[in-house]
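Single-structure report; data block below.
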Amino acid sequence: MRYWLMKSEPDVFGIDDLKKVKVEPWDGVRNYQARNMMRDQMKKGDKIFFYHSSCKVPGIVGIMQVIKESHPDVSALNPESKYYDPKSTVENPRWFMVSVGFVKKFKRTISLEELKKQTTLQEMPLVRRGSRLSIMPVTKTEWETILSMI
DNA sequence: GCCAACGTTGGC
DNA sequence: GCCAACGTTGGC
């Protein structure tokens, strides 16, 4: 089993939304690196940190898990969707996603500011300046370090 | 295949 | 709202 971190803007879709709906297809990812991780590496049962970005206190707010492995992101096929991509077709889908399920919400946000201070987390793309990856792998050590910060 | 222009992400 | 750091696009 692997560990991951996925970013989302809470104004668009946050941990409380996931708690409500239980399971959500992680659509709208239009970055090849992130797509490849969802398509090729994320397996059912993998654990994922839910990260809130572009908000007052950016940080990790809870845990989710992979419920359904890679399947085509159908929002790319819908001209009405803001994620529409005319280059993606039913026969040859360009974008893939996984579906994630709610596991838990932390009692508090582990802020980016705190994460940056942890010496053992310096290798995470998350704390790197200019890193825009919305999905990234997390090592077991990093996972446990972050859990110990709650 | 290079690279300038443009668009997006996301912290601050 | 600013802007740095990327990724993508498209002309050549």
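These figures come from a predicted structure and were not determined experimentally. Numbered from 1 within each chain, the chains take letters A, B, ... in sequence-line order.
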Nearest-Å distance for atom pair CD/P, residues Glu113(A) and dG10(B): 19 Å
Any Arg129(A) side-chain nitrogen or oxygen under 4.0 Å from OP1 or OP2 of dG11(B): no
State plainly whether the residues Arg30(A) and Asp73(A) are in salt-bridge range, i.e. N to O under 4.0 Å. yes
The residue among Gln65(A), Met64(A), Lys22(A) that forms side chain to side chain contact (heavy atoms under 4.5 Å, CB included) with Val100(A) is Met64(A)
Minimum heavy-atom separation for Ala34(A) and Asn31(A), please, with both atom names. N-OD1, 2.9 Å
Which nucleotide in dT9(C), dG7(C), dG11(B) has an atom nearest any side-chain atom of Ser53(A): dG11(B)
When the distance from CZ of Arg94(A) to P of dT8(C) is rounded to whole Å, what number comes out? 10 Å
Quick one: closest heavy-atom pair of Ile60(A) and Phe49(A), and the distance? CG2-CD2, 3.7 Å
Check the distance between dC6(C)'s P and Leu126(A)'s CG and give it to me in whole angstrom. 14 Å
Rounded to whole Å, CD1 of Ile60(A) lies from P of dG10(B) at a distance of 14 Å
Residue Asn31(A), side-chain atoms from C-beta onward, closest of dG10(B), dC12(B), dG7(C): dG7(C)
Using whole Å, report how far CG of Leu112(A) lies from C1' of dT9(B). 14 Å
Would you kindly give the NZ-to-C1' distance between Lys82(A) and dT9(B), to the nearest whole Å? 13 Å
May I have the distance from Arg128(A) (atom CZ) to dA5(C) (atom P), rounded to whole angstrom? 14 Å
What is the separation between atom CG on Leu133(A) and atom P on dT8(B), rounded to the nearest whole Å? 18 Å
Tell me whether the side-chain N/O atoms of Lys116(A) come closer than 4.0 Å to OP1 or OP2 in dC12(B). yes
When you measure from the side chain of Arg132(A), which nucleotide among dC12(B), dT8(C), dT9(B) comes out closest? dT9(B)
Can you tell me if Tyr83(A) touches the phosphate of dT8(B), counting only side-chain N or O atoms and a distance under 4.0 Å to OP1 or OP2? no
With a 4.0 Å cutoff (strictly under), does any side-chain N or O of Lys7(A) reach OP1 or OP2 of dG10(B)? yes
So, for Trp95(A) and Tyr32(A), is the gap between ring centers shorter than 6.0 Å? yes
